[in-house]
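The figures that follow rest on heavy atoms only: side chains count, while hydrogens, waters and symmetry mates do not. Order of the sequence lines sets the chain letters (A, B, ...), proteins ahead of strands, with each chain counted from 1.
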Number of protein chains: 2
Amino acid sequence: MRELQKRPTIHDVARLAGVSASTVSNALNGKGYIRESTRKAILDAAERLSYRPSAVARSLKAQQSRILGFFVSDMSGPVYSEIIAGAARKAEENGYEIVICNSHSREDRVLSSLLSYKMLDGSLVMSPELEDDVLRELARTLFPVVALDRDIDGERLGCVLMDNASSAYGIARLFRERGYDRIGYIGPNPEYRFMHDVQDRNRGFLAGVRDFGLDLPEERYRFGGFTMESGHVCMSDLLALPVRPRAVFAANDEMALGALRALKEKGLRVPDDVAVVGFDDILVSSYVSPRLSTVRRPCLTLGGIAVDLLFGLMKARKSHRLLLPTEIVLRESFT
Amino acid sequence: MRELQKRPTIHDVARLAGVSASTVSNALNGKGYIRESTRKAILDAAERLSYRPSAVARSLKAQQSRILGFFVSDMSGPVYSEIIAGAARKAEENGYEIVICNSHSREDRVLSSLLSYKMLDGSLVMSPELEDDVLRELARTLFPVVALDRDIDGERLGCVLMDNASSAYGIARLFRERGYDRIGYIGPNPEYRFMHDVQDRNRGFLAGVRDFGLDLPEERYRFGGFTMESGHVCMSDLLALPVRPRAVFAANDEMALGALRALKEKGLRVPDDVAVVGFDDILVSSYVSPRLSTVRRPCLTLGGIAVDLLFGLMKARKSHRLLLPTEIVLRESFT
DNA sequence: CTGTTAGCGCCTTCAC
DNA sequence: GTGAAGGCGCTAACAG
């Protein structure tokens, strides 16, 4: 029965190589001048012991971990992974790593423990669950924070937003221009009121509805939960109405996909009977039939920019607020 | 111009409260007996300074971080997020956290730096990029490792697999039973040979093709890259053939979705003209038209089980190998 | 060129 | 009840 051997430390290497710990440190990190023979001996000893420096000890000494946190609540969405990819690339270019921390739960226990016990040099946040005050507290007491898709400011706190509102507004305009007057809307249910980007979409679209005089009575305004299932239910409800809408805007692609399914089940054609527009331009949206018209958001860019901003916050204390444009993509489901 | 104030340490709290550091430590961690008045003073001081214990220092002292790593390369897939969710839940129940580390790159730099400089107590690995030897090395020198969907064993190394092969074999059997003799296959291109689960599917299906005497000539065996785009291309190629297949098996749902689109573009009906089967049962597969027949894998379960196994490895040195069943789900695209 | 010393922030003895 | 001392593993500063 073998003992659980402890990991070797720099002293073990030093002993084996017959030198001191600091010489080992220097040799391994390429600092200072070291005779080639001792250097060789040290490398050899390290190799023999499979020595790996402890990241924890290093971080303690260096007072930085070179790790950035990315707080997300959901992570399932395709949107997130693209943003993360953008962030990870930029972080890596600068010798940092990104770790994903899921902040799904809203319990206080999580807020005070999960959030405060990390070893991060900074963080990006995409969790609607984390309230503004929590972020401010985080930024104040722990490390700089960049919020994604949420309009917030404060000390050591930046944000980068996507212009959801104007594209949503643009959709309303297009409905008017193309003569789709009698519309339906699958919008965010109250549960999502704390999600900034979602609310932007909502406000933008409703403003457009008003400004362009679209016909959106209460019964054609449904509240969805941003899943395909929810989109399916909402659209089914819409279709059960005595007067059905000619065009429907869903606040994200997943709901729009669910809506397409409901339409299909009722034997209705898209866009001939009912036109549909989503939001996000997730990958699958251009593969379903009919291809979904939607709004594309610069997710990859967003991630990179957010990390840049975070680096800025880590160096200086300046905070920033950036707004990225979005773009309407017309495909088959609405033209 | 305000200085970048450093985070307060336990000594700062001690000074403010007029006690020693160890008393603060005891008070904050509920150890030992402390007079209520000093205790109050300490809590108060900590609050005033917004003191947060340093996770790094703690980990160094405790010789554990209570953090588990989850190495993934892609992360974009819906499959991953479900597994991660399962793992995160189980980890949390035991006072651990999971951080996602992306190991997308195959460079040596990454293998030796990214992998060795972590502060993890253990890790789950779903990166095909990380070769078996790397995992063994990891397990030997750093921390216990549980590989997901990869058949490997070694010291402090466990694995949990999903039975890809028998379901893929089952698909072939179904093709035979339902009279779909002339088939096509969109399988993994050679680039994916290091992905264990994918290879299992491949082997299982090809074994079935042989055993059940299905008609799969070379030109109807295409190599795809597991994206919708790739599935689209492969299916288009298949349809350009003089004799087109009556049923097509794609090695994952994304490719199957791409295939459906190609079929749609050619004006072919599914399953009447060509039947299609995928693999994974991603969420959207039951929403597209026609709904996709596929193979469901117990992803949520997998994550939890993997963490359990990891805990086992962290306590004892025993290693394990688990195999989880999969299930064929028949929907509209093939019945 | 190499070794000694000291300290990063915390916690665990062990005195008092 | 509380404090002083020491050490987790590493590295920077300074001697030698």
Side-chain angles (χ1 to χ4, degrees), chain A residues 4-43 45-46 49-66 113 116-121 141-143, chain B residues 4-43 45-46 49-66 113 116-121 141-143:
Chain A
L4 264 180
Q5 84 236 17
K6 286 171 53 180
R7 279 172 50 180
T9 75
I10 200 167
H11 291 103
D12 298 323
V13 179
R15 200 175 317 122
L16 184 59
V19 296
S20 82
S22 46
T23 306
V24 175
S25 174
N26 282 333
L28 262 26
N29 297 303
K31 302 269 171 93
Y33 291 79
I34 292 162
R35 197 186 308 142
E36 194 49 35
S37 61
T38 39
R39 170 190 194 66
K40 199 86 141 267
I42 289 171
L43 258 34
L49 294 174
S50 300
Y51 168 72
R52 298 276 178 282
S54 151
V56 174
R58 273 203 171 162
S59 299
L60 181 61
K61 177 72 190 171
Q63 294 291 72
Q64 61 161 327
S65 61
R66 299 193 82 83
S113 95
S116 62
Y117 282 68
K118 295 269 164 198
M119 8 201 171
L120 306 174
D121 291 348
T141 64
L142 285 170
F143 36 64
Chain B
L4 264 180
Q5 83 234 19
K6 287 171 54 180
R7 279 174 50 181
T9 76
I10 201 168
H11 291 103
D12 298 322
V13 178
R15 198 174 321 120
L16 185 58
V19 297
S20 82
S22 42
T23 305
V24 175
S25 173
N26 283 332
L28 261 27
N29 298 304
K31 301 269 172 88
Y33 290 79
I34 291 161
R35 197 184 310 142
E36 194 48 34
S37 60
T38 39
R39 171 191 194 66
K40 198 97 137 275
I42 290 170
L43 259 35
L49 295 175
S50 301
Y51 168 71
R52 299 274 178 280
S54 149
V56 175
R58 265 198 177 170
S59 299
L60 180 60
K61 176 73 190 174
Q63 294 290 70
Q64 61 161 327
S65 62
R66 299 193 83 81
S113 92
S116 60
Y117 282 67
K118 294 269 161 199
M119 8 200 171
L120 306 173
D121 291 347
T141 64
L142 284 171
F143 37 64

With the side chain defined as heavy atoms from C-beta on, A/V19 is closest, among C/dT2, C/dC10, C/dG3, to C/dG3
Of D/dC10, C/dC1, C/dC10, the nucleotide closest to the side chain of B/H11 is C/dC10
Here the pair of heavy atoms bringing A/R52 nearest to A/R7 is O-NH2, 3.3 Å
Terminal axes of the helix from C/dC1-D/dG16 to C/dC16-D/dG1 (5 end pairs apiece), angle rounded to 10 degrees, sit apart by 50°
Nucleotide N/O to protein N/O under 3.5 Å, stretch nucleotides 13-16 of chain C:
none

Is B/S20 near enough to D/dG3 that one of its side-chain N or O atoms lies under 4.0 angstrom from OP1 or OP2?
yes
- [ ] Using a cut-off of strictly less than 4.0 Å, decide whether A/Q63 has a side-chain nitrogen or oxygen near OP1 or OP2 of C/dG9.
- [x] yes
Has the side chain of B/K61 got a donor or acceptor that lies under 3.5 Å from a partner of the other kind on the base of C/dC11? yes
Problem - Exam field: side chain A/S25 to backbone A/A21, donor-acceptor pair closer than 3.5 Å - result: no
> Taking OP1 and OP2 of D/dT2, is either one under 4.0 Å from a side-chain nitrogen or oxygen of B/T38?
Replying inline: yes
Atom CZ of B/R7 and atom P of C/dG9 are separated, to the nearest Å, by 9 Å
Of the listed D/dG3, C/dC1, D/dT11, the closest approach to the A/I10 side chain comes from D/dT11
Applying salt bridge (charged side-chain N to carboxylate O under 4.0 Å, His left out) to A/D121 and not counting sequence neighbours gives none
Requested in this report: Check whether any side-chain N or O of B/R35 sits under 4.0 Å from OP1 or OP2 of D/dT2, and answer yes or no.
Outcome: yes
Minimal heavy-atom distance between B/Y51 and B/L28, with the atoms involved, is CE2-CD2, 3.6 Å
In whole angstroms, the gap separating P of D/dG1 from CD1 of B/I42 amounts to 13 Å
### Query
OP1 or OP2 of C/dC10 less than 4.0 angstrom from a side-chain nitrogen or oxygen of B/S54, does that happen here?
no
Rounded to whole Å, CZ of B/R39 lies from P of D/dG1 at a distance of 13 Å
Q.
Using OP1 and OP2 only, check whether a side-chain N or O of A/R58 sits under 4.0 Å from D/dG9.
A. no
Would you mind classifying the nucleic acid contact of A/L60 as base, sugar-phosphate or nothing, using non-hydrogen atoms under 4.0 angstrom? base
Checklist entry - Are any of A/S25's side-chain N or O atoms less than 4.0 Å away from OP1 or OP2 of D/dT11? => result yes
Q) Is any side-chain N or O of B/K31 closer than 4.0 Å to OP1 or OP2 of C/dT12? A) yes
Quick one, A/N26 with A/I34, criterion side chain to side chain contact (heavy atoms under 4.5 Å, CB included). Give me CA distance, side-chain angles, the key distance, then yes/no. CA-CA 8 Å; A/N26 282 333; A/I34 292 162; 3.7 Å; yes
